Peer 1: 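Sharing a structure with you now.
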Number of protein chains: 2
Amino acid sequence: MRMIPKSSPPLLDPEVLRRRGLRLTGPRRLLLEVIRSTDVHPTAEWLYRRVRRRLPRVSLGTVYRNLRFLVEEGIVKELPGPTGRSTGASRPSRFDGNTSVHHHFTCSACGRIQDLSEPVDRSLDRRMTARTGHDISHHRIEFYGRCAACRVRRGRRSRARNKR
Amino acid sequence: MRMIPKSSPPLLDPEVLRRRGLRLTGPRRLLLEVIRSTDVHPTAEWLYRRVRRRLPRVSLGTVYRNLRFLVEEGIVKELPGPTGRSTGASRPSRFDGNTSVHHHFTCSACGRIQDLSEPVDRSLDRRMTARTGHDISHHRIEFYGRCAACRVRRGRRSRARNKR
DNA sequence: ATAGCTGCAAAGTCTTTGCATGTGT
DNA sequence: ACACATGCAAAGACTTTGCAGCTAT
């Protein structure tokens, strides 16, 4: 669980917003701050809890609305949803404040998603474009397996599926 | 829209099922047949409609139950959900009867998902395992861009987001 | 005969939305 | 001031589930 730095790098440029007739409100600014300050690929629910620590009156609806907003502006990425198991319709979206193109590793035991710094191979896109006739702009590699931690506690699956 | 062959290759081996005390019922057999006969990465709803053409009494619940079952048995794969836009909570799961490891191309204009035959690079898994300390078993590459068809009708986004 | 399945409908989870009120600019 | 945001609660979309009756084995 990381500390939230007082202020992240670029943040929402009020200039950019104004140009579109949009506002930089408290909830919006804070949400972005929170999502930029973690690498756990949080769910809306997780972000909601975090945001409420500092702005207790914020509603879940506002978090969703702003997430949708940030995703549409390309300021935040939404991950290709976790596949598989579920109770109810349980596969909440996960968001990522790191918009640089990068790859992911998902642990099938504890469910954690980790960023990988493996450099992106642009030439692969060009090769596939040539081969398929599609205009391929980028790709994303998802690695799967058992993370180092879960590898240690062999056997029993961790219950850590990161709530909180 | 492809025709459904009368009978697909391996299908559900009744032998395997029996060993687990499971049954090969009409809906189950047909569902697998349908999902094996298409490459559109259908949603549960799509499969439901298809199955009902031949077994009109089948319920959506049964389709879901069997999909979950087939996924758990590893007979069918569930795709990492389409990310992004939505109305309601609209991002239904997509399933894939092709269980061989392969990659996907998703068209950002029409939403279609196409299988790619790009050979899988196992050595990448070994390299990443060495680099990260995680026990990586496989990876999946998702390519994004504009498909050949949408490239032609430049501009206006297709409404084809494959229903039916 | 009987455990596993199914159909049906109700419940559950995650996400969006309508509306009255609040608030950046 | 006033258009955009918010809070709240209700509605929506997708998926699972409880139960009584059905059916492969």
Side-chain angles (χ1 to χ4, degrees), chain A residues 12-32 42-49 51-52 54-73 78-79 81-95 161 163, chain B residues 12-32 42-49 51-52 54-73 78-79 81-95 161 163:
Chain A
L12 265 187
D13 182 356
E15 191 46 57
V16 175
L17 289 179
R18 213 168 309 135
R19 214 178 309 149
R20 310 205 192 193
L22 302 174
R23 292 185 200 160
L24 185 49
T25 61
R28 183 167 291 171
R29 184 208 302 283
L30 179 52
L31 174 63
L32 184 59
T43 62
E45 190 59 40
W46 189 97
L47 291 164
Y48 173 57
R49 290 196 300 263
V51 166
R52 284 183 72 125
R54 289 213 255 158
L55 284 179
R57 312 182 40 64
V58 167
S59 71
L60 186 53
T62 291
V63 169
Y64 272 109
R65 244 178 325 228
N66 277 306
L67 280 172
R68 208 44 76 210
F69 164 83
L70 291 170
V71 167
E72 251 141 45
E73 298 296 314
E78 186 172 3
L79 302 188
T83 271
R85 113 294 36 179
S86 29
T87 307
S90 178
R91 7 200 296 298
S93 278
R94 286 172 177 281
F95 300 87
R161 299 202 177 271
K163 272 276 178 178
Chain B
L12 266 188
D13 183 355
E15 190 46 57
V16 175
L17 289 180
R18 212 169 310 134
R19 214 177 308 148
R20 309 203 192 194
L22 303 173
R23 291 184 199 163
L24 185 48
T25 62
R28 183 167 292 173
R29 184 209 300 284
L30 179 52
L31 175 63
L32 183 58
T43 61
E45 189 59 41
W46 189 97
L47 291 164
Y48 173 57
R49 290 196 300 264
V51 166
R52 285 183 72 124
R54 288 212 255 159
L55 284 179
R57 311 183 41 64
V58 167
S59 70
L60 186 53
T62 291
V63 169
Y64 272 109
R65 239 173 332 224
N66 278 306
L67 280 172
R68 210 41 78 209
F69 165 84
L70 291 171
V71 167
E72 250 141 45
E73 297 295 315
E78 186 172 3
L79 301 190
T83 270
R85 103 331 353 205
S86 28
T87 306
S90 179
R91 11 201 294 297
S93 278
R94 287 173 177 281
F95 300 87
R161 301 203 177 269
K163 272 278 177 177

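Proteins come first, then strands; the chains are lettered A, B, ... in the order of their sequence lines, and each starts at number 1. Because only heavy atoms are used, hydrogens play no part in the values below, and waters and symmetry mates are left out as well, while side chains stay in. Predicted model, so just to flag it, every value in this text is computed and none were measured.
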Peer 1: Measure CZ/B:Arg29 against P/D:dT23 and give the value in whole Å, please.
Peer 2: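 For the pair B:Arg29 CZ and D:dT23 P, the rounded distance is 15 Å.
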Peer 1: I need the B:Arg29 CZ to B:Leu31 CG distance, nearest 0.5 Å.
Peer 2: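 These two atoms lie 12.5 Å from each other.
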Peer 1: Quick check: closest heavy atoms across B:Glu78 and B:Arg68, and the distance to 0.1 Å?
Peer 2: OE1-NH1, 2.8 Å
Peer 1: Any chance you could measure A:Arg23, atom CZ, to A:Arg28, atom CZ, to the nearest 0.5 Å?
Peer 2: 9.5 Å
Peer 1: For the pair made of CG in A:Leu67 and C1' in C:dT17, what is the distance, rounded to whole Å?
Peer 2: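 Going from A:Leu67 (CG) to C:dT17 (C1'), I get 16 Å.
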Peer 1: State whether A:Tyr64 places a side-chain N or O below 4.0 Å from either non-bridging phosphate oxygen (OP1 or OP2) of C:dT16.
Peer 2: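 So the side chain of A:Tyr64 is outside the cut-off, no N or O lying under 4.0 Å from OP1 or OP2 of C:dT16.
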Peer 1: Measure from CD on A:Glu78 to C1' on C:dT15 and round the result to the nearest Å.
Peer 2: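 Between C1' of C:dT15 and CD of A:Glu78: 10 Å.
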Peer 1: Where is the tightest heavy-atom contact between A:Ala44 and A:Phe95, given as atom of each residue plus distance?
Peer 2: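 That would be N-CE1, 4.2 Å.
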Peer 1: Between B:Leu17 (CG) and D:dA24 (C1'), how many Å, whole number?
Peer 2: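 Whole-Å distance recorded here is 11 Å.
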Peer 1: How long is the gap from CG on A:Leu67 to OG1 on A:Thr43, to the nearest 0.5 Å?
Peer 2: 9.5 Å
Peer 1: Round to a whole Å and report the spacing from CG of B:Leu60 to P of D:dT15.
Peer 2: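 Nearest whole value for this atom pair: 9 Å.
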Peer 1: Per the end-axis method with five pairs at each terminus, what is the bend angle of the helix from C:dA1-D:dT25 to C:dT25-D:dA1, to 10°?
Peer 2: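 Rounded to the nearest 10 degrees, the bend comes out at 40°.
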Peer 1: Rounded to the nearest angstrom, tell me the gap between atom CD in A:Glu72 and atom C1' in C:dT15.
Peer 2: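 It works out to 14 Å between those atoms.
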Peer 1: Return the value, rounded to whole Å, for the distance between atom CG of A:Leu30 and atom C1' of C:dT23.
Peer 2: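 Distance check: A:Leu30 CG to C:dT23 C1' gives 17 Å.
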Peer 1: How long is the straight-line distance from CG of B:Leu17 back to CZ of B:Phe69, given to the nearest 0.5 Å?
Peer 2: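 One gets 5.5 Å once the value is rounded to the nearest 0.5 Å.
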Peer 1: In terms of the nearest nucleotide of DNA chain D, which residue is placed more toward the 5' end: B:Thr43 or A:Leu55?
Peer 2: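 Checking each residue's closest nucleotide, the 5'-ward one belongs to A:Leu55.
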Peer 1: Hey, are the side chains of B:Leu60 and B:Glu45 touching, using non-hydrogen atoms and a 4.5 Å cut-off?
Peer 2: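 They are in contact (side-chain heavy atoms under 4.5 Å apart), so the answer is yes.
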Peer 1: Could you give the CG-to-P distance, from B:Leu24 to D:dC22, as a whole number of Å?
Peer 2: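 Roughly 21 Å, once rounded to whole Å.
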Peer 1: Once side-chain contact (heavy atoms from CB on, under 4.5 Å) is applied, do any residues pair with B:Thr62, and if so which ones, sequence neighbours excluded?
Peer 2: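 In terms of side-chain contact (heavy atoms from CB on, under 4.5 Å), with neighbours along the sequence ignored, B:Thr62 is linked to B:Pro27, B:Val58, B:Ser59, B:Arg65, B:Asn66.
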Peer 1: Listing time: all N or O pairs from protein to nucleotides 1-6 of chain D that are below 3.5 Å?
Peer 2:
from	atom 1	to	atom 2	distance (Å)
D:dA3	N3	A:Arg23	NH2	2.1
D:dC4	O2	A:Arg23	NH1	2.6
D:dC4	O2	A:Arg23	NH2	3.3
D:dA5	OP1	A:Arg23	N	3.4
D:dA5	OP1	A:Arg28	NH1	3.0
D:dA5	O5'	A:Arg28	NH2	3.4
D:dA5	O3'	A:Thr25	OG1	3.4
D:dT6	OP1	A:Thr25	OG1	2.9
D:dT6	OP1	A:Asn66	ND2	3.3
D:dT6	OP2	A:Asn66	ND2	3.2

Peer 1: Would you say C:dT13 has OP1 or OP2 under 4.0 Å from some side-chain N or O of A:Arg91?
Peer 2: no
Peer 1: Using 0.5 Å steps for rounding, measure from the CG atom of B:Leu32 to the CG atom of B:Leu47.
Peer 2: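 B:Leu32 CG to B:Leu47 CG: 10.5 Å, rounded to 0.5 Å.
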